[in-house]
Amino acid sequence: MTHLHSKRFSRPGHGKVVAAVLGLVAALSLGTLGDAQAAPPSRAVPAADRWTDRPHGFASLAGGTTGGAGGKVVTVTDQAALAKYAAAEEPYVIRVKGSLTMDPFGTEIPVASDKTIIGVSDTAEIVHGGFTLDPGTHNVIIRNLAIRDTAIEGNWDCKDTDYDGIRLDTAHHVWIDHIRFSRICDGQLDIRKDSEYVTVSYNQFTDNNKTFGIGWTPNVKTQITVDHNWFRATKQRNPSADNVAYAHLYNNYLSSQLSDGDPVWTYGNWSRGRTKMVIENSFYDGVQHPYQADATAELVQRGSILRNTTGRHDAWGTAFDPRAFYDYRLDPAAAVPALVKRFSGPQKRIGGPVTLHVPGDYPTVQSAVDAVPDGNDTPLTIAVAPGTYREKVFIPASKPHLVLQGTGRDRSDTVIVFDTPAEYGGSTGSATVRIAANDVTARNLTFSNDFDEAAHELKGEQALAMKTTGDRIVFEDTAFLGNQDTLMTDSPKLTTVSRVYVRDSSIEGDVDFVYGRATTVIERSVIRALSRGSDTNNGYITAASTWTGNPYGFLITKSRIVSDAPAGSFHLGRPWHPGGEPAAVAQVLIRDTELPAAIKSSPWTDMGGFSWKDARFAEYRNHGPGAMVTADRPQLSPEEARSHTVAAYLKGTDDWAPHARH
């Protein structure tokens with residue numbers, strides 16, 4: 001069978017959105033500043049780059065750091081659950097929700113390899129404790145949390161306690177990002193004993209003595225990137241790097257240093273032992289010893305701004321070239337205070353919806369669906385890269401609040417397809433994708449069942465591309481490809497009303513290819529009625545089975561129906577009574593839509609012994625060569641049309657209005 005080529009609406013405003021760097025010098029009102037050694041020209045980072053879920057710097061090298069990607073997603077609200085999943089052997093994305101107070105005081109949760117620990121919104125916190133990564137632990141991401149209050153009143157030097165915020169011992173491939181550390185005793189962040197491939201970015205280190213130390217080893221192995229962090233009201237180790245092979249510090253902000261009169265141990269950055277340190281485009285405001293180096297170490301500093309600094313400003317040796325290891329972009333030093341104040345520490349945007357990447361993190365769409373926790377209560381996106389995914393996908397009722405998002409430029413770039421006919425498993429079993437969950441949205445994707453009915457002689461040739469039974473389902477900029485029974489929008493049972501909204505999409509088929517009992521609105525879309533080679537009857541667009549107690553079945557509005565079938569050979573629809581169910585009385589309205597010449601002059605027909613005249617079929621204000629008003633084409637009155645709108649069909653009892661977003 002020859003299928004029509006797809007035609008898709010162009011999407012207005014489909015371009016890149018680039019955010020400007022905040023204010024820079026003029027907007028920051030910084031006044032006259034002292035520049036250290038000049039740096040190469042800086043390139044401002046688009047704001048979107050600050051929200052990426054992929055690490056940069058040294059943590060991105062030698063295989064990279066992916067954390068719990070590829071594992072299940074869980075949400076924890078208590079210490080026991082956090083400890084259980086953090087220590088598990090298998091990968092997990094662990095979402096921390098709310099405030100978790102550690103008991104006993106000072107508990108450090110052991111974190112095993114292949115974990116992502118991320119705070120939900122900007123309110124997740126670990127109180128009276130922290131995390132530890134023991135030797136051999138690798139591939140860990142910890143993001144978007146507050147870690148606070150293990151300091152003991154009167155024990156400023158922390159000699160009798162060792163409650164770290166996060167401690168790494170001989171770990172590798174670790175990313176610490178958007179954490180707010182405060183009042184920790186001993187270290188807020190300790191990178192120890194030859195830990196490697198570490199990136200520390202967009203964190204806040206506040207109210208502390210021994211803040212951020214790197215070293216505790218005679219070996220020179222550690223590679224670390226430290227960028228866009230804010231050190232505020234801290235005394236020492238901001239950071240201190242001892243015997244670090246490569247320490248790259250850039251775009252950090254040190255301010256409000258504690259003024260305790262200590263002439264030596266109150267300082268900013270320190271390159272110790274045999275460390276090679278590079279500092280770029282940072283901002284030091286009121287800091288004693290902003291950067292210093294041992295005689296055995298090397299320190300290169302360029303492009304930073306110094307205001308009201310005193311003491312040592314050491315710089316000697318050649319250290320290393322960070323660009324020999326990875327690419328990066330520098331923000332102008334003058335912009336750093338405003339940028340870091342705004343973007344460091346926990347952020348609502350980072351702690352919001354989780355994104356699962358296919359095939360980057362999960363090899364198939366179904367494996368990503370399987371990773372979604374049962375009872376999921378927050379939006380979660382499955383981002384599907386361009387490609388053809390030959391698989392079946394089932395989203396069970398226990399996994400609501402999902403977004404399936406194709407990431408290609410066009411919906412045809414990302415295709416989920418299979419070829420099962422109803423002969424093998426019934427119509428439901430034939431569906432390439434089934435959605436039983438509520439609150440699921442699919443965008444920029446193609447769903448297809450490419451069973452070739454012309455090449456097979458089977459009793460059951462129905463072949464669904466999509467079946468839905470959930471409520472509040474949205475399809476935007478999607479395509480549904482098939483022949484018989486392409487798109488079924490249904491509900492769990494006859495008297496249960498589910499709602500589906502299809503917009504800016506394409507649906508093709510030949511027999512009953514839009515059918516079911518769900519309340520379904522198809523708006524601003526193209527419906528392709530495919531020829532089966534007949535001169536008189538090529539098929540039926542709709543086969544609704546609306547419950548008689550539901551006034552709203554199918555609404556096709558502001559759309560186009562196109563066809564390669566001969567004139568007068570296609571029906572608009574017929575009434576489907578599954579199993580002879582008398583309470584399934586089709587309701588279909590086609591309004592404000594272009595109809596092709598292929599539509600019959602008497603477009604509604606009987607089905608299974610049930611007359612179309614007993615169904616609720618109507619048209620209103622259609623146009624095109626297939627549009628006409630006859631005795632066999634019931635028309636709504638203007639008054640009736642006012643109560644048969646997109647809003648009326650979708651409103652339900654919860655005022656659902658997905659169309660209002662456009």
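Just so we're clear, the structure is a prediction, and the values are computed from it rather than from any experiment. Residue indices begin at 1 and follow the sequence shown. Hydrogens, waters and symmetry mates are skipped; everything else that's a heavy atom, side chains included, is used.
Taken from CZ in Phe105 to NE2 in His128, the straight-line distance is 5.0 Å, to the nearest 0.5 Å. Taking CD1 of Ile117 as the start and CD1 of Ile176 as the end, the distance is 9.0 Å to the nearest 0.5 Å. Put simply, CZ on Arg342 and CH2 on Trp230 are 14.0 Å apart, with the number rounded to the nearest 0.5 Å. Ile224 contributes atom CD1, which lies 10.5 Å from atom CG of Asp227 (distance to the nearest 0.5 angstrom). Interatomic distance, OG1 of Thr206 versus CD of Gln188, reported as 6.0 Å (0.5 Å rounding). The CG atom of Asn139 sits 14.0 Å away from the OH atom of Tyr197 when rounded to the nearest 0.5 Å.
Taking the six-membered ring for Trp, Phe325 and His248 have ring centres at least 6.0 Å apart. Aromatic pair His138/His173: ring centres not closer than 6.0 Å.
For the pair Glu280 and Arg302, the salt-bridge criterion is met [side-chain N within less than 4.0 Å of a carboxylate O].
Formation of a donor-acceptor pair under 3.5 Å by the Ser448 side chain with backbone atoms of Val417 is not found in this model. Looking at Gln301, its side chain never comes within 3.5 Å of a backbone N or O of Tyr291 through a donor-acceptor pair. Counting only distance, with no hydrogens or angles, the side chain of Thr478 and the backbone of Ser505 share no donor-acceptor pair below 3.5 Å. Although no hydrogens or angles enter the test, the distance criterion places a donor-acceptor pair under 3.5 Å between the side chain of Asn243 and the main chain of Arg274. The backbone N or O of Glu298 lies less than 3.5 Å from a partner atom in the side chain of Ser271, making a donor-acceptor pair. Counting only distance, with no hydrogens or angles, the side chain of Lys348 and the backbone of Val120 share no donor-acceptor pair below 3.5 Å. At least one donor-acceptor pair under 3.5 Å links the side chain of Asn444 to the backbone N or O of Arg411. Side-chain N or O atoms of Asn376 include one that pairs as donor or acceptor with a backbone N or O of Pro400 at under 3.5 Å. Counting only distance, with no hydrogens or angles, the side chain of Asn203 and the backbone of Ile179 share a donor-acceptor pair below 3.5 Å. Of the possible donor and acceptor atoms, one in the side chain of Thr275 sits under 3.5 Å from a partner among the backbone N and O of Val244.
When side chains are defined from C-beta on, Leu61 does not count as touching Gln223, because their heavy atoms never get closer than 4.5 Å. Side-chain contact between Asp374 and Lys399 is present, with at least one heavy-atom pair separated by less than 4.5 Å. Taking the side chain as every heavy atom from C-beta outward, Ile395 and Leu404 approach each other to under 4.5 Å. Between Thr378 and Pro353, the closest side-chain pair of non-hydrogen atoms is not below 4.5 Å. Between Thr441 and Gln405 the shortest side-chain heavy-atom distance does not fall below 4.5 Å. Looking at heavy atoms from C-beta onward, Tyr284 lies in side-chain contact with Ile279 at the 4.5 angstrom threshold. In this structure, the side chains of Tyr250 and Thr225 come closer than 4.5 Å at one or more pairs of heavy atoms. Side-chain contact between Trp216 and Asp169: absent, with no pair of heavy atoms (C-beta onward) separated by less than 4.5 Å.
Taking the six-membered ring for Trp and thresholds of 30 and 60 degrees, Phe212 and Phe231 have nearly parallel ring planes, at less than 30 degrees apart. A perpendicular orientation is assigned to the rings of Phe343 and Trp51, their planes being inclined by more than 60° (bins at 30° and 60°). Using cut-offs of 30° and 60° for the angle between ring planes, the Phe480 and Phe475 rings count as perpendicular.
Scored by the side-chain contact (heavy atoms from CB on, under 4.5 Å) test, Asp53 finds Arg143, Thr355, His357 as partners (sequence neighbours excluded). Residues passing the side-chain contact (heavy atoms from CB on, under 4.5 Å) test with Asp186, sequence neighbours excluded: Cys158, Asp162, Asp164, Asp190, Lys210, Arg237. Partners of Lys392 according to the side-chain contact (heavy atoms from CB on, under 4.5 Å) rule, which considers only residues two or more places apart in sequence or in another chain, are Phe418, Thr420.
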- request: Starting from the C-alpha separation in whole Å, work towards a yes-or-no answer on side-chain hydrogen bond (donor to acceptor under 3.5 Å, both in side chains) for Gln236 and Asn209.
  value: CA-CA 6 Å; Gln236 59 179 307; Asn209 180 4; 2.9 Å; yes
query: Would His228 and Tyr202 satisfy ring-ring contact (aromatic ring centres under 6.0 Å, His included), going step by step from the backbone distance to the final call?
result: CA-CA 5 Å; His228 293 91; Tyr202 289 96; 4.6 Å; yes
task: Would you please test Ser412 and Asp410 for side-chain hydrogen bond (donor to acceptor under 3.5 Å, both in side chains) and show each step?
output: CA-CA 5 Å; Ser412 63; Asp410 192 271; 2.9 Å; yes
task: Begin from the C-alpha positions of Asn252 and Asn229 and carry the test side-chain hydrogen bond (donor to acceptor under 3.5 Å, both in side chains) through to its verdict.
output: CA-CA 5 Å; Asn252 296 296; Asn229 299 284; 3.1 Å; yes
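When all heavy atoms of Ser113 and Val140 are compared, the closest pair comes out as CA-CG2, 4.3 Å. Between Ile382 and Ala368, the shortest heavy-atom distance links the atoms CG2-CB, 3.8 Å. Listed here is the closest heavy atom pair of Val111 and Thr137: O-CG2, 3.3 Å. Scanning all heavy atoms of the two residues, the minimum distance from Ile94 to Leu82 falls at CG2-CD1, 4.1 Å.
Inspection of the Tyr362 and Asp370 side chains reveals no N or O donor paired with an N or O acceptor under 3.5 Å.
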